[in-house]
Participant: 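Take a look at the following structure, please.
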2 protein chains.
Amino acid sequence: MPGRWGKGPASWWHGEFKGCGYRITIPRQIILKVLEESSGHLSAEDIYLKVYKIYPAIGLATVYRTLEILVNMGLVSKFDFGDGRARYELIQDIKEPVHHHHLVCTNCGRIIDYTDFLEEEIELIKKIEKKLSAKYNFEIKNHTIQFNGLCDKCSNK
Amino acid sequence: MPGRWGKGPASWWHGEFKGCGYRITIPRQIILKVLEESSGHLSAEDIYLKVYKIYPAIGLATVYRTLEILVNMGLVSKFDFGDGRARYELIQDIKEPVHHHHLVCTNCGRIIDYTDFLEEEIELIKKIEKKLSAKYNFEIKNHTIQFNGLCDKCSNK
DNA sequence: TATAATAATGAGAATGATTATCAATAGTAA
DNA sequence: TTACTATTGATAATCATTCTCATTATTATA
């Protein structure tokens, strides 16, 4: 979790959270902990099950409610990979979002993260965002790039 | 519908359809007609209602079934803009997909199409696809680029 | 530290989009 | 025209997500 430790492992988000008027509760702490220790692409139920192992009193509704807050605060990204359930990922570094894009296999649903961007790739995204902001008077918060296709196992069949 | 007319306005997809073993039926013809004459971002229910005006015997299930086929055949794109329902758009030209990307207002849900790409934008996408195909052995079929943020009306409040 | 105010919770009901079921119908090749 | 069977429409079922509400926990304050 580069860029977030150093202020105490479990508290980097506490200030931001309180600043928005939210209370620091046990369920929320555990949900954040689970998000930190997992490798992304988690559905709400995935998260629920992981939290349940630590804190069996957890309710599914609380997981959804907490995720909604985190998404609105910009701490978590929400994705749709076309399998009928949303996926959630903690954003690694808010200041400089490390946007990893996704390769989604439309046959088996496998998801590959893609983080090794080309220099020009990052440049171009910035350039496009600037252009779009100006032209459409849009305040761009983030973007999503997703490539769909067939993974090696599904195309060689 | 550039690149598609010329073989008879209502038949460009018939051959492709039959080639896949599908029958040309009244409901399917009307659904295609509606997709052709609409400007994208249509939910299944939007399409159902438009078809209903022409052909009141239509069933919602048939709309979903037909859309699924069209998406699998690569004739229609399916999007998720985060409002809980899928959106469908006819792909303009299959040979050279004119990928229009989207600006989505996370507050009011407004969607703006963005089609005026930079030269380098198209180049770069091709380059990235080539790189990803090679590295991950992924057969890339299409991609989605979406910018999220606040539209002019929602950010000036 | 005790207290009051109220945000947050968990359980379960409700919602709403999408999918499955099935008997009736329509498209197709012959 | 016929026989075969894919497709259809109605509706039930599914399933992720959201809502409701009585109970509990957090927090600022005394």
Participant: Does the distance from a Lys or Arg side-chain N to an Asp or Glu carboxylate O, for R110(B) and D152(B), drop under 4.0 Å?
Facilitator: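 Looking at R110(B) and D152(B), the cut-off is met.
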
Participant: For Y64(B), give me all partners under ring pair (Phe, Tyr, Trp, His ring centres under 6.0 Å), at least two apart in sequence or on another chain.
Facilitator: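 Counting only residues at least two positions away or on another chain, Y64(B) forms no ring pair (Phe, Tyr, Trp, His ring centres under 6.0 Å).
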
Participant: Tell me what R23(B) touches on the nucleic acid: a base, only sugar-phosphate, or nothing, going by heavy atoms under 4.0 Å.
Facilitator: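 It contacts base atoms.
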
Participant: Taking atom types as they are modelled, would you say the side chain of R28(B) forms a donor-acceptor pair with the base of dG27(C) within the 3.5 Å cutoff?
Facilitator: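 Between dG27(C) and R28(B), which were checked side chain against base, a qualifying N/O pair under 3.5 Å is absent.
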
Participant: Could you check whether atom OH of Y136(A) has more than 12 heavy atoms from other residues, nucleotides or ligands sitting under 6.0 Å from it?
Facilitator: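 It does: Y136(A) OH has more than 12 such atoms within range.
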
Participant: Measure from CZ on R65(A) to C1' on dA7(C) and round the result to the nearest Å.
Facilitator: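 Checked: the CZ to C1' distance equals 11 Å.
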
Participant: To the nearest Å, give me how far apart OH (Y64(A)) and P (dC19(D)) are.
Facilitator: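 Atom OH in Y64(A) sits about 13 Å away from atom P in dC19(D).
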
Participant: In whole Å, I'd like the distance from the CZ atom of F17(B) to the P atom of dT28(C).
Facilitator: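 After rounding, the reported distance stands at 11 Å.
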
Participant: Do H41(A) and E89(A) have a side chain donor and acceptor closer than 3.5 Å?
Facilitator: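 Result is yes, a qualifying pair exists.
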
Participant: Where the side chain of I24(B) is defined as all heavy atoms beyond and including C-beta, which of dT28(C), dT7(D), dT27(D) is the nearest nucleotide?
Facilitator: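 The answer is dT28(C).
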
Participant: If I take atom CD1 in residue I58(B) and atom P in nucleotide dT7(D), what distance separates them, rounded to the nearest angstrom?
Facilitator: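 In whole Å, dT7(D) P lies 14 Å from I58(B) CD1.
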
Participant: Aromatic rings H143(A) and F147(B): how do their planes relate, parallel, tilted or perpendicular, breaks at 30° and 60°?
Facilitator: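 Ring orientation of H143(A) relative to F147(B): tilted.
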
Participant: For DNA chain D, which consecutive runs of 3 or more Watson-Crick or G-U pairs (each distance under 3.5 Å) count as stems?
Facilitator: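 The stems are C:1-30 with D:1-30.
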
Participant: Given dG9(D), dT17(D), dT27(D), which nucleotide is nearest the side-chain atoms of A86(A)?
Facilitator: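 Taking heavy atoms from C-beta onward, the closest nucleotide is dT17(D).
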
Participant: Identify which nucleotide among dT11(D), dT9(C), dT17(D) has an atom closest to any side-chain atom of A61(B), counting heavy atoms from C-beta outward.
Facilitator: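 The answer is dT11(D), which lies nearest to the side chain.
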
Participant: Report whether F79(A) and V76(A) are members of the same hydrophobic cluster (ILVMFWY, side-chain heavy atoms less than 4.5 Å apart, transitive linking).
Facilitator: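 No, separate clusters.
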
Participant: In whole Å, I'd like the distance from the OH atom of Y55(A) to the C1' atom of dG10(C).
Facilitator: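 Taking atom C1' of dG10(C) as the reference, OH of Y55(A) is at 9 Å.
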
